[in-house]
There are 2 protein chains.
Amino acid sequence: MAQKIKLSTIAESLGLSTATISLALRDSPLVAADTREKIKEQARTLGYIYNRRAASLRTSRSGIIGVVVHDVMNPFYGEILKAIESELDRSRHTFILSNHYDSVEKQRTFIETLLQLGGDGVIMSPAIGTPIEDVKLAEQNGMPAILVARTMDGVDLPTYRGDDSYGISLATNHLIGLGHRTIAMIGGTDQTSTGRDRYQGYVNALRKANIEVDPNLRIPGPRSMQGGYEAAVNFLSLPQKPTAAVCWNDLVAIGLMNGIARAGLIVGQDISVTGYDDLEQAAISMPALTTVSNQQADVGRLAARALLDRLAGSHEPDGIHLIRPEMRIRQSTGICRPR
Amino acid sequence: MAQKIKLSTIAESLGLSTATISLALRDSPLVAADTREKIKEQARTLGYIYNRRAASLRTSRSGIIGVVVHDVMNPFYGEILKAIESELDRSRHTFILSNHYDSVEKQRTFIETLLQLGGDGVIMSPAIGTPIEDVKLAEQNGMPAILVARTMDGVDLPTYRGDDSYGISLATNHLIGLGHRTIAMIGGTDQTSTGRDRYQGYVNALRKANIEVDPNLRIPGPRSMQGGYEAAVNFLSLPQKPTAAVCWNDLVAIGLMNGIARAGLIVGQDISVTGYDDLEQAAISMPALTTVSNQQADVGRLAARALLDRLAGSHEPDGIHLIRPEMRIRQSTGICRPR
DNA sequence: CTGAAAGCGCTTACAG
DNA sequence: CTGAAAGCGCTTACAG
């Protein structure tokens with residue numbers, strides 16, 4: 001490794017001051033155009049690498065934005081991240097990613113690390129049980145936070161998420177319209193705002209159709225494909241013999257469909273199943289999954305935009321921004337046939 | 001936001017020097033135990049946040065490790081990342097993640113950013129067409145690099161990946177053992193080392209069994225579930241009427257199986273399909289997928305270990321470390337029946 | 001249009 | 001066991 005090239009190396013080699021070099025490399029009009037070009041050329045040939053730590057220490061802006069969600073491997077978050085990534089890329093921000101796996105400690109460690117690195121802001125989908133202080137920690141140290149996908153009670157931060165209650169009612173109404181009356185709800189947890197909202201939306205849709213709500217038709221818990229797959233046994237042995245299942249998300253629905261298929265029943269004929277999220281794989285699952293698009297791309301894009309706007313000084317209104325979900329009807333749902 | 005707390009704030013409040021505070025907070029035995037406790041206590045009550053940029057500027061170590069792969073949303077990389085994450089967490093390193101989507105530019109931008117942030121090291125699965133200089137850029141600036149999943153010709157870096165040629169021959173031999181003679185290979189690209197190796201392994205296995213290799217039985221390209229799904233039409237209309245398909249990876253295999261099912265054929269009976277990677281969802285797909293475990297957890301863990309060892313000063317041998325894949329036999333393969 | 005100098009917040013020899 | 005001082009590599013008023 002050659003000797004470290006810094007501003008002063010370039011300055012000396014050209015007989016200029018570091019101030020001039022610094023300005024020139026950042027395209028300041030204060031430096032004459034030809035001097036600027038000469039300096040840039042020299043920086044290139046010397047293989048100069050800009051030291052962001054030094055700059056950031058001086059300016060107290062780092063260009064770093066943190067993103068922390070439950071689990072990147074879950075395609076739902078993956079699709080949100082992709083939208084955030086493409087928005088931040090455009091503005092030359094670096095983004096640091098972390099999973100919290102719903103561990104409040106892991107999430108706090110991440111926020112602290114981000115503060116230590118001088119992060120400019122953070123986008124988070126808060127872990128279950130996140131104390132308000134952990135979010136305030138960021139704000140109080142000058143690092144604005146934006147929430148995605150999950151709401152937190154008692155904090156007044158800009159939040160971008162789908163309208164879960166409305167979305168799940170779309171799915172439930174679709175099944176009711178096909179004649180289903182005994183409809184189970186599979187997966188999710190009351191520990192997140194999303195979980196509570198989706199269950200509530202399902203309950204509301206049933207009530208509106210004058211269908212009695214049977215709490216035993218709810219199988220809470222599963223949130224993954226594996227979880228949905230395992231839930232199939234429970235679902236199929238419910239004494240009420242449900243003819244349809246509203247699932248927490250697409251992963252649970254796909255797992256459940258595979259489990260039902262393995263038991264010899266045909267999804268879309270014997271049993272109807274709906275998902276939630278409209279992941280890329282929903283359209284090509286077997287059978288193709290009827291689901292609700294949660295507009296992940298919009299959620300990510302809008303959240304990133306909101307953060308960038310805030311960093312640029314504009315103060316967007318706080319509060320919850322609900323993204324409107326849309327129904328996607330495919331082959332996993334069909335006319336009700338009693339079992 | 002309260003006034004910024006720094007070492008000197010704590011020092012003044014306790015009538016000590018910043019040197020003592022700095023040492024105490026890092027548990028130096030040079031500071032008396034009770035002074036140390038008093039200092040830590042004070043740091044906590046003042047809400048002190050360690051400024052890593054300043055420290056890193058001084059020490060030229062940042063605690064940052066970069067990881068760049070093709071696409072995090074691909075569960076194959078996701079599983080590798082998970083292993084890297086858990087290994088790095090333990091050593092209190094922060095890791096910065098990026099997708100390159102096989103864009104050499106995006107990858108180079110990432111490496112440059114990492115250098116600017118003073119990254120301690122980088123783990124990469126190089127983009128197709130990565131020029132050797134881009135990797136040398138990192139090394140020459142004191143940032144060691146480790147390769148995962150893909151090899152690069154002409155660079156002598158520590159590389160951790162599965163033994164693709166051997167792995168695919170396991171799958172091919174398994175099909176041959178079931179009586180299949182007309183076996184297609186679906187997906188992958190000759191542009192990566194992995195793609196070439198897997199095709200070669202398939203060819204070798206056929207030759208060894210005295211089965212003529214028909215290049216038209218290869219459908220290159222697909223690497224995603226969507227790709228596999230779309231390839232089903234081509235596959236089913238091949239004039240050679242293959243009875244089995246060796247797929248590039250599990251995603252392609254699952255997509256292909258869904259496509260075959262949609263055409264009314266039964267995978268595991270009419271057509272046998274093998275995957276590659278043994279993703280979590282392989283075991284619960286419909287039918288359960290016969291595949292080859294690529295040992296992603298080992299690849300990630302060993303690569304992270306190797307980097308940490310190097311940062312700690314030990315110089316591991318360069319070169320390729322091949323991880324041995326393992327066969328997982330499930331329901332998507334069965335005895336050959338002519339179509 | 002260019003330069004001299006201070007300062008961002010740490011850590012690290014060096015003294016005592 | 002504790003302190004005074006230099007320096008990491010930038011940027012930014014302030015002069016000229």
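In the text below, chain A, chain B and the rest are named by the order of the sequence lines, each starting its count at 1.
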Could you check B:Leu57 against B:Ala32 and say which one's nearest nucleotide on DNA chain D is further toward the 5' end? B:Ala32
In whole angstroms, the gap separating P of D:dC10 from CD of A:Glu12 amounts to 12 Å
Using a 4.0 Å heavy-atom cut-off, does A:Gly15 contact any base of the nucleic acid, only the sugar-phosphate backbone, or nothing at all? sugar-phosphate
When every nucleotide of nucleotides 11-16 of chain C is labelled 5' to 3' by its protein contacts under 4.0 Å (heavy atoms), B for base, S for sugar-phosphate only, - for none, what sequence of letters results? BB----
Roughly how many Å is it from CG in B:Leu25 to P in C:dG9, rounded to a whole number? 16 Å
Test A:Leu117 against B:Ile64 for side chain to side chain contact (heavy atoms under 4.5 Å, CB included), laying out the working first. CA-CA 10 Å; A:Leu117 291 171; B:Ile64 291 176; 4.0 Å; yes
Name the pairing partner of D:dA13, where a pair is Watson-Crick or G-U wobble with both distances under 3.5 Å, or state none. none
Heavy atoms from C-beta onward define the side chain here; which of D:dT2, D:dG9, C:dT2 lies closest to that of A:Thr35? C:dT2
Under-4.0 Å side-chain N/O to phosphate OP1/OP2 contact, B:Ser60 with D:dC8: no
Round to a whole Å and report the spacing from CD of B:Gln116 to C1' of D:dG9. 13 Å
Classify the ring geometry of B:Tyr160 against B:His321: parallel below 30°, tilted from 30° to 60°, perpendicular beyond 60°. parallel
Taking side chain to side chain contact (heavy atoms under 4.5 Å, CB included) as the criterion, tell me which of B:His93, B:Glu87, B:Arg92 meets it with B:Arg90. B:Glu87
Answer yes when B:Asp298 and B:Arg305 have at least one side-chain N-carboxylate O distance shorter than 4.0 Å, and no when they do not. no
Tell me the interatomic distance from A:Leu16, atom CG, to C:dA4, atom P, rounded to whole angstroms. 11 Å
Look at atom CD of B:Glu112 and say whether more than 12 heavy atoms of other residues, nucleotides or ligands are closer to it than 6.0 Å. yes
Donor-acceptor pair, side chain of A:Asp120 and main chain of A:Gly63, under 3.5 angstrom: yes
Is there a Watson-Crick or G-U wobble partner for D:dA4 with both distances under 3.5 Å, and if so, which one is it? none
